[in-house]
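Notes for the one structure printed next.
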Amino acid sequence: MFARLEAPEADPIIRLMAQFAEDPRHDKIDLGVGVYRDAAGRTPVMAAVAAAEARILAAQETKGYFGLAGDPRFLVAMRGLLLGDGVDPGRLAAVAAPGGSGAIRQLLELVRLAAPGATVWISRPCWPNHAAIADAVGLRLREYSYLGPAGDVDGAAMLADLDGAAPGDVVVLHGCCHNPSGADPDAATWAALTDMAERRGFVPFVDVAYQGFGTGVEADVAGLRHMAARLPEMLIAASGSKSFGLYRERVGLAMALCAEAGAAGRVGGALASLNRRNYAFPPDHGARVVTTILSDPVLRADWEAELATLRARVATNRVALAAALAEATQSPAFAFLTRHRGMFSQLGLHPEAVLRLREAHGVYLVADGRINLAGLTPATIGAAAEAVAAVLREAATAA
Ligand SMILES: Cc1ncc(COP(=O)(O)O)c(C=O)c1O
């Protein structure tokens, strides 16, 4: 059976993690994998999560199966977190899914069922899994322009490309903290995208994986909420991995905004049936933790306060790295770092430079030049900036 099975190419980020682990250098710096790290390099369990887990453990009397759509209280809590009360709940269909990735998979399968001819539009650059999942599901893919030469969103180019989207096409947008670039559309661009979706009839698919890591829990979903208040149909995937630090618990929500309540009933049934076909019941523990936190004002305030400290640490690293790079390169070329939001930015380095950074300086970043700013500490920012400057000098001399 397996004689002709080809081994898949190793995931570049997982490969990078292994290379980092094997690197014996003591001063190596890991800016690769996309998880939050504190100054000691740990990915902590948030205090509100630990408190919620203790409560759940004390009270839980069964681990029997729950509904195919997940716990309805989780669906309501996540709806509030994402959309506030700006949308008629009767127009929403939602299910719990295994992580944001699971939610994306379920929603793209829903698209394949409902509109098999739809094209999925993704940004260039993009998080590789959007393309991989769309491809696995059998949907056509196209890219739209996203970044301008100075590292910010080029709204005009983005809109010009999306003007070519057909009615019923699906346009994937990152709710905030765009992965990998770190550049987010401004409010005017979100408004223009909403107008265009209305005019052209394409369906925005907003992927919210970093709520609270950009500007704030509410501010980070302002673009999403603007769209949801105006458009008849949308798809929304959310992840509890980063915002609640629940990476391995696999917390995700797949939600569809429908033109009317009748459609929402059918879409909810289709999503629950997709859960059934793919893995039956979605994971419950992490979803229960999120529900407990969001439903208790004290735990919620504690979670928001801790999330604010994570956000502030990454923002401080941004400012410090931009200053260190300005000093080391004697140029303002990296000033865009301070305009970006969330854990990631792309430094705009050639793949050769990325390789050289790893081999000669022990600085690990993803081949597309993405860095995770949470991987830096005050002690390593100077060395990372010096390494980037050295690699750029070498490249300039060789040219
Ligand atoms: C853009 C984006 N969407 C979704 C996810 C989903 O993450 P998870 O499946 O771990 O919840 C990630 C995680 O890296 C991401 O970067």
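Here, residue 1 is the first one in the sequence, and each next residue gets the next number. We count ligands from 1, going down the list as the structure has it; atoms in each ligand are counted the same way.
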If we number the atoms of ligand 1 from 1 as shown, the ones under 4.0 Å from a heavy atom of S239 are 7 (O), 8 (P), 11 (O)

What class does the angle between the rings of F244 and W303 fall in, given that below 30° is parallel, 30 to 60° is tilted and above 60° is perpendicular?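 Taking W303 first and then F244, their aromatic rings lie parallel (interplane angle under 30°).
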
Within 45 degrees of the axis of the six-membered ring of F20 and under 6.0 Å from its centre: does K28 put its NZ or CZ there? yes

Which option wins on minimum heavy-atom distance to atom 10 (O) of ligand 1: S241, G102, S243?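 That would be S241.
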
Which bit of Y210 is near ligand 1, meaning a heavy atom under 4.0 Å away: side chain, backbone, both or neither? side chain

Given that the side chain starts at C-beta and the backbone is N, CA, C, O, which of these parts of A209 lies under 4.0 Å from ligand 1, counting heavy atoms, or is it both or neither?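 Contact part for A209 vs ligand 1: side chain (C-beta onward).
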
Can you name the nearest heavy-atom pair linking R370 to G32, along with the distance? NH2-O, 2.9 Å

M196 atom CE, neighbour heavy-atom count above 12 within 6.0 Å: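 Yes.
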
Determine whether R37 and T377 make a side-chain contact, defined as any pair of heavy atoms from C-beta on separated by less than 4.5 Å.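 Answer no - side chains too far apart.
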
Could you tell me whether D23 and R25 have a side-chain N and a carboxylate O separated by less than 4.0 Å?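 The answer is yes: the pair qualifies as a salt bridge.
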
Minimum-distance protein heavy atom relative to atom 12 (C) of ligand 1: W127 CZ2, 3.5 Å

Nearest-neighbour protein heavy atom for atom 2 (C) of ligand 1, which is reported as residue plus atom name and distance: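 Ranking protein heavy atoms by distance from atom 2 (C) of ligand 1, first comes D207 OD2, 3.4 Å.
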
Does ligand 1 have an atom that lies less than 4.0 angstrom from a heavy atom of K242?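 The answer is yes, since K242 has a heavy atom less than 4.0 Å from ligand 1.
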
